[in-house]
Amino acid sequence: MAFTPLNALNAFLAVARKRSFAVAARELGVSASSLSQSVRQLEARLGVALLTRTTRSVALTDAGRRLLEGAGPSVDQALAALKVAAAEPGEVTGSVKLTVPSIAVHHVLPPMLERFLKRHPRTDVELRVEDAMVDIVVEGLDAGIRMSESLERDMVQVRLSEGYRFVVVAAPEYLERRGVPEKPRDLLSHDCLCIRSNTTGALYQWELERGAKSWRVPVRGPLSSTSFQGLFPLVEQGVGLMYAFEPDVAERVRRGALRIVLEPYAAHVDGFYLYFPSRARVSPALRAFVDVAREVAAERRAGSREVPRSPRRRA
């Protein structure tokens, strides 16, 4: 790879975002050795180390992080501008890179993605499904979807959904065998199916609330998982209680496979938002995606006003 400042900068950005020379080399279609040489030449030109390398990992130095944060968005915008220049007048091109939590994939994204990709066939969407918060600027992402309480103040926020509840559920067979918890502290004497963080390894404390009071209960049980989805068959089989996103269990509750318990203590969240940095220059592809997101969200709100809600089930 011949050394030019822009080629070397692009090489550095790829390695910095992937934290791997091998992965970045595959993405750019070059050898890992030539990529490494290009980054070393850039470091020599600048007179600072940008990356710390070991046999197993690549990490950013302080100078490398500053360069990634400062140059990354500009390079992304320049690459997007090249695609726009080659497009027909009025045609939207480019990509939208999103970070989304796993629970949003099924409940929020499908109608937006379908409409966006049909309306703008020369665009593409890259999804990174991850429950941990990431810095979308550092990671080279365009936007993200998260619950409102997770968002930083300097982000532009587009509401995608109304509020939701997180509920505690169990199979009728389990409740007949172990009894029904009546207070948050009762969970400490029950078998609970626990969620373990992918990033910290810690078990998630179940969040409950009633009025102005709130609880974080350090539940324990016979099984823990990093995925909510893998627990659904087990809770239906009566292995234990589960803390769940209500839309994920609504059908199971409706047909009687599960019951909601501690319903007066169900935690409410404000809903999902699409967000992106307020200081960033919005690409045509992201602007088009935001427009579609607003359309779909408005239709969802209109539909929820027209359809009367069924009364809540009580345990």
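Residues: numbered from 1 along the sequence shown. From a predicted model like this one, the values you see are computed outputs, not experimental measurements.
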Are [X] and [Y] packed together at the side-chain level, in the sense that at least one heavy-atom pair is separated by less than 4.5 angstrom?
X      : Y      : result
Val169 : Glu246 : no
Arg45  : Gln41  : no
Tyr164 : Ile103 : no
Ile136 : Tyr275 : yes
Leu258 : Met242 : no
Leu51  : Leu60  : yes
Pro181 : Val168 : no
Gln37  : Ser33  : no

Just by distance, do the side chain of [X] and the backbone of [Y] share a donor-acceptor pair under 3.5 Å?
X      : Y      : value
Asp142 : Lys97  : yes
Thr123 : Thr93  : no
Ser38  : Ala11  : no
Arg178 : Ser189 : yes
Asn10  : Asn7   : no
Arg196 : Gly201 : yes
Glu209 : His268 : yes

- Item | For Phe232, ring-ring contact (aromatic ring centres under 6.0 Å, His included) partners two or more places apart |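 Not a single residue meets the ring-ring contact (aromatic ring centres under 6.0 Å, His included) criterion with Phe232.
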Output the distance between atom [atom1] ([X]) and atom [atom2] ([Y]), rounded to the nearest 0.5 Å.
X      : Y      : atom1 : atom2 : answer
Leu28  : Lys18  : CG    : NZ    : 9.5 Å
Cys192 : Trp206 : SG    : CH2   : 4.0 Å
Phe276 : Gln157 : CZ    : CD    : 10.0 Å
Glu182 : Tyr265 : CD    : OH    : 8.5 Å
Glu207 : Trp215 : CD    : CH2   : 13.0 Å
Leu274 : Ser161 : CG    : OG    : 11.5 Å

- Query: Ser225 and Leu193: side chain to side chain contact (heavy atoms under 4.5 Å, CB included), yes or no, with the steps?
  - Reply: CA-CA 8 Å; Ser225 172; Leu193 305 180; over 6 Å; no
Which atom names give the shortest non-hydrogen contact between [X] and [Y], and what distance separates them?
X      : Y      : answer
Val239 : Pro222 : CG1-CG, 4.2 Å
Gln205 : Pro218 : CG-CA, 4.0 Å
Gln237 : Glu173 : O-OE1, 3.8 Å
Ala63  : Ala49  : CB-O, 3.9 Å
His190 : Asp186 : CD2-O, 3.2 Å
Arg146 : Pro101 : NH1-CD, 2.9 Å

- Message: Apply side chain to side chain contact (heavy atoms under 4.5 Å, CB included) to residues Val15 and Arg53 and explain how you reach the verdict.
- Response: CA-CA 11 Å; Val15 176; Arg53 307 158 175 87; over 6 Å; no
- Taking atom types as modelled and ignoring hydrogens, do the side chains of Ser95 and Glu126 form a donor-acceptor contact shorter than 3.5 angstrom?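 The answer is no; no qualifying pair exists.
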- If you group Ile, Leu, Val, Met, Phe, Trp and Tyr by side-chain heavy-atom gaps below 4.5 Å, do Val23 and Val58 land in one group?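 Different hydrophobic clusters.
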- Transitively linked via ILVMFWY side-chain contacts under 4.5 Å: Tyr243 with Leu203?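 Looking at the clustering, Leu203 is in a separate group from Tyr243.
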Result block: side-chain N/O donor-acceptor pairs under 3.5 angstrom for residues 104-120, not counting sequence neighbours:
from   : atom 1 : to     : atom 2 : distance (Å)
His107 : NE2    : Asp248 : OD1    : 2.5
Glu114 : OE2    : Lys118 : NZ     : 3.1
Arg115 : NH1    : Glu295 : OE1    : 3.2
Arg115 : NH1    : Glu299 : OE2    : 3.0
Arg115 : NH2    : Glu299 : OE1    : 2.8
Arg115 : NH2    : Glu299 : OE2    : 3.4
Arg119 : NH1    : Glu295 : OE1    : 3.4
Arg119 : NH1    : Glu295 : OE2    : 2.9
Arg119 : NH2    : Glu295 : OE1    : 3.0

- Item | Mutual orientation of the aromatic rings belonging to Phe272 and Phe245 [parallel < 30°, tilted 30-60°, perpendicular > 60°] |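 Correct class here is perpendicular.
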- Query: How far apart are the C-alpha atoms of Arg17 and Glu27, what are their side-chain angles, what is the distance that settles it, and do they pass the side chain to side chain contact (heavy atoms under 4.5 Å, CB included) test?
  - Reply: CA-CA 11 Å; Arg17 286 168 173 167; Glu27 184 178 85; over 6 Å; no
- Query: Step by step, would you call Leu231 with Leu223 a side chain to side chain contact (heavy atoms under 4.5 Å, CB included)?
  - Reply: CA-CA 9 Å; Leu231 298 180; Leu223 181 74; 3.8 Å; yes
- Message: Check Arg255 with Glu236, please: is the shortest side-chain N to carboxylate O separation under 4.0 Å?
- Response: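 Here Glu236 pairs with Arg255 in a salt bridge, since their nearest N and O are under 4.0 Å apart.
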